[in-house]
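Report on the structure given below.
Note: hydrogens, waters and symmetry copies are ignored here, and every other heavy atom, side chains too, is used.
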Amino acid sequence: INQAVIGGRHRFEVSGEVSPTGDAPFGLRIALEGEFPHAGQAARFGAVLTVDQAWIGEGQFEYLQTKVSKVPVKPEA
């Protein structure tokens, strides 16, 4: 996953699962979790994305003390 955050773009490994929702317009739910380096320690990252078959939709993200929702999701160009 590639996430734009303050200070630049960072890459880190995540794991998760993809499951169908059956709801239009978003047909897939992707739940992700992982850890990224922060201040010399591993910090937790979590996300839930709801996307269509082209991987366009919206997401909810949680990291450090931050929770954001309704973030646009699209495939990286």
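A distance of 13.5 Å separates CD of E33 from CD of E13, quoted to the nearest 0.5 Å. Rounding to the nearest 0.5 Å gives a distance of 4.5 Å between CG of L64 and NE2 of H38. Taken from CD1 in I30 to OG1 in T21, the straight-line distance is 9.0 Å, to the nearest 0.5 Å.
Annotation: salt bridge (charged side-chain N to carboxylate O under 4.0 Å, His left out) contacts involving residues 60-70, sequence neighbours excluded, comprise E58-K70.
Residues V48 and V14 do not share a hydrophobic cluster, clusters being chains of Ile/Leu/Val/Met/Phe/Trp/Tyr side chains in contact below 4.5 Å.
Here the closest non-hydrogen pair linking P75 and A54 is CG-O, 3.4 Å.
Between L49 and L32 there is a side-chain heavy-atom pair separated by less than 4.5 Å. Using a 4.5 Å heavy-atom cutoff, the side chains of Q53 and L28 are in contact.
Taking the six-membered ring where the residue is Trp, F45 and F61 present tilted rings, their angle falling between 30° and 60°.
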